Amino acid sequence: MSAVTDRLERLVRQTQAHNRIPAVSAALHRADRPLWTCTVGGTGNDSPLGPRTQFRIGSVTKTFTAALTLQCRDDGLLDLDDPVGRHLDLPAHGELTVRRLLSHTAGLQREPYGDVWDTLRAPDTEQLLADLARAERVLPSGRRFHYSNLGMALLGQLVGRLRGGTWAEVLSDRVLLPLGLTDTTVSPGPAAATGFLVDAYSDEAHPEPPTDFGAVGPAAQLWSTAGDMARWAAFLADPAAVEPAGTVLAPATLDEMRWPVTVTDETLWAGGFGLGLILVPQGDRVMHVGHDGAMPGFLAGVYGRRGGAGTPGAMGCAVLLSSGSASEALDLPHRLLAAAVEHDPAEIEPWRPGPPAPAPLRGMLGRWWGEGYEYVFSWHDGSLRARGAGDPPGKPPAVFAPLPDQPDVFRTVSGREVGELLRLSRDERGTVVRMHWATYRFTRNQETFDRFDFRAGN
């Protein structure tokens with residue numbers, strides 16, 4: 001393990017030195033290893049730099065606001081396709097839906113009305129809502145990705161209104177405390193790092209002024225540690241491993257949040273956006289999910305890893321920086337995740353024999369043909385599955401669940417044709433002779449659509 005941690009630490013130290021960052025705090029969370037942390041530099045004040053040092057995490061805050069919004073949906077307080085004006089009294093833009101605001105596809109302008117970044121004075125709730133009439137919808141709703149702090153601020157107001165408290169109170173009660181994120185706070189503690197702008201042409205690091213974002217806080221207000229954020233990233237990637245009870249969010253809800261709603265660049269297709277989450281494909285069916293953050297003097301990258309050989313459960317990484325001008329360093333969490341899997345992959349679980357398939361299904365296992373292509377139906381881990389005979393090894397199978405009142409009808413619960421029905425047809429002896437999956441016919445021999453059987457020649 002020391003060789004692996006030495007390699008990870010070297011990546012952090014190289015990034016700090018090359019990008020001239022006053023302080024870097026990094027952490028790696030995984031279910032099969034102790035939390036790994038690394039800090040390099042100094043806080044810029046009298047406090048020592050360590051794993052418990054807080055940094056501003058900026059727009060990583062949005063992932064928490066998104067989680068709170070999905071909690072409201074799961075509790076029946078809203079529907080994602082509700083217009084936000086159904087729940088908030090707004091002077092304008094009330095027709096924009098919760099789903100569009102979560103995915104930054106509502107077309108709402110980026111910031112609240114006024115010159116917030118000149119004055120560093122954010123509006124309070126009353127002013128934020130009153131000024132909506134002066135804010136533009138710069139694109140038609142649903143047209144494309146357009147990042148909006150204003151939109152996420154509205155969702156924070158929505159959550160507070162529905163729960164009967166402030167956004168900060170609801171966040172603490174419903175996410176931070178249940179997940180043990182005790183170092184994540186709305187305001188910085190006394191030992192927080194100072195944020196800097198590092199001069200481009202000298203070694204001077206100038207401290208940035210502290211800012212409180214008021215009613216825009218749900219978009220960018222939080223402070224945290226790398227350890228807390230690595231755990232949060234692991235939760236976003238693998239909630240069942242981090243919080244098995246599912247009291248914060250059900251795994252199915254995180255699946256929904258991670259599903260890509262839009263690409264963030266229509267020409268490159270190198271990244272996407274789900275419901276409050278940035279999606280960064282890594283190749284070989286690996287996805288990093290999370291968010292970056294930027295506030296005056298601070299940058300943050302918080303990502304969990306899903307998929308791919310060697311990826312352990314509950315894997316998340318956070319890198320927090322006390323420089324507002326070191327954006328090249330935001331690839332560090334992705335490099336740390338990849339290096340950890342490459343040099344310290346998860347243990348390979350041995351295969352063990354399991355119970356047989358239920359008697360009514362044993363005769364239908366094996367090869368079938370549909371639409372001219374061959375598929376293999378099998379029974380593994382207590383469920384009926386199907387794969388294309390030519391599918392690459394890493395492609396997930398389709399998985400079926402029986403309907404309780406129809407023994408020969410199954411629902412596709414994941415993989416190809418998810419949501420569609422699989423129907424089995426039997427002959428007088430009870431043998432499955434045909435299947436229909438998403439209404440397409442499947443037979444033991446290859447057939448044309450007008451039922452020419454190549455094996456039989458008729």
Side-chain angles (χ1 to χ4, degrees), residues 80-81 99 238 240 250-262 269 272 274-275 279 281 284-287 306-309 351-458:
L80 294 185
D81 294 316
R99 187 187 306 275
D238 189 4
T253 299
L254 264 299
D255 287 342
E256 187 177 0
M257 293 176 69
R258 291 188 300 258
W259 190 262
V261 176
T262 181
W269 286 56
L275 298 178
L279 314 172
D284 295 327
R285 306 192 73 84
V286 175
M287 181 70 73
R306 288 179 56 80
W351 175 84
R352 293 180 175 87
L361 299 181
R362 293 175 198 168
M364 57 84 58
L365 303 181
R367 295 179 178 269
W368 290 79
W369 292 83
E371 301 179 75
Y373 294 94
E374 194 172 19
Y375 292 80
V376 178
F377 284 75
S378 61
W379 181 268
H380 293 297
D381 297 326
S383 62
L384 181 65
R385 302 181 171 208
R387 296 176 56 85
D391 284 355
K395 185 175 181 179
V399 179
F400 306 93
L403 297 189
D405 55 341
Q406 301 180 65
D408 281 344
V409 182
F410 295 76
R411 180 78 65 187
T412 315
V413 295
S414 65
R416 180 181 184 268
E417 304 293 4
V418 63
E420 298 281 358
L421 294 178
L422 172 72
R423 295 181 285 113
L424 314 185
S425 297
R426 301 178 185 269
D427 62 16
E428 63 278 0
R429 295 171 297 178
T431 302
V432 179
V433 293
R434 250 181 342 275
M435 299 191 295
H436 288 84
W437 186 11
T439 76
Y440 286 90
R441 187 174 70 252
F442 282 70
T443 55
R444 283 295 192 183
N445 299 334
Q446 188 179 27
E447 295 181 359
T448 63
F449 277 86
D450 61 359
R451 303 196 180 190
F452 178 85
D453 186 334
F454 282 86
R455 189 169 302 178
N458 55 55

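Source: prediction; values computed, not measured. The basis for the numbers below is simple: all heavy atoms, side chains too, and nothing from hydrogens, waters or symmetry mates.
Donor-acceptor pairing under 3.5 Å is lacking for the side chains of Ser425 and Arg423.
Within the 4.5 Å cutoff, no side-chain heavy atoms of Arg258 are placed close to those of Met287. Between Leu275 and Val261 the shortest side-chain heavy-atom distance falls below 4.5 Å. Looking at Thr448 and Asp453, their side chains never come closer than 4.5 Å, going by heavy atoms from C-beta outward. Within the 4.5 Å cutoff, the side chain of Trp379 has heavy atoms near those of the Pro358 side chain.
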Practice problem: List the steps, then state whether side-chain contact (heavy atoms from CB on, under 4.5 Å) holds for Trp369 with Glu447. | Solution: CA-CA 8 Å; Trp369 292 83; Glu447 295 181 359; over 6 Å; no

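Going from atom CH2 of Trp368 over to atom CZ of Arg441 covers 12.0 Å, rounded to the nearest 0.5 Å. Distance check, rounded to the nearest 0.5 Å: OH of Tyr440 to CD of Glu420 gives 9.5 Å. Here CG of Leu422 is found 6.5 Å from CG of Leu384. Values are rounded to the nearest 0.5 Å.
For the residue pair His380 and Arg385, the shortest heavy atom distance occurs at O-NE, 3.5 Å. Contact between Ala398 and Thr412 at its shortest, heavy atoms only, is CB-CG2, 4.2 Å. Minimum heavy-atom separation, Gly363 to Arg444: O-NH2, 2.9 Å. Smallest separation of non-hydrogen atoms from Tyr375 and Gly370: CE1-O, 3.8 Å. Of all heavy-atom pairs spanning Val286 and Gly307, the tightest one is CG2-O, 3.6 Å. Among all heavy-atom pairs drawn from Gly274 and Leu279, the shortest one is N-CD1, 3.9 Å.
Remark: side-chain polar atoms of Arg387 are paired, donor with acceptor, to backbone N or O of Pro392 under 3.5 angstrom. A donor-acceptor distance shorter than 3.5 angstrom exists from the side chain of Arg362 to the backbone of Ala357, with no hydrogens or angles considered. Between the side chain of Asp427 and the backbone N or O of Arg429, at least one donor-acceptor pair lies under 3.5 Å. The closest donor-acceptor contact from the side chain of Ser383 to the backbone of Val399 lies at 3.5 Å or more, if one exists at all. Distance alone, capped at 3.5 Å, is enough to place a donor-acceptor pair between the Thr443 side chain and the Asn445 backbone.
Identified under the salt bridge (charged side-chain N to carboxylate O under 4.0 Å, His left out) test for residues 369-378, with sequence neighbours left out: Arg367-Glu374, Glu371-Arg416. Among pairs with a residue in residues 396-413, those fulfilling salt bridge (charged side-chain N to carboxylate O under 4.0 Å, His left out) read Asp408-Arg426, at least two apart in sequence or across chains.
Residue Asp284 qualifies as open at atom CG: its count of foreign heavy atoms under 6.0 Å is 12 or below.
Relative ring orientation between Trp437 and Phe442 is described as tilted, the plane-to-plane angle lying within the 30° to 60° band.
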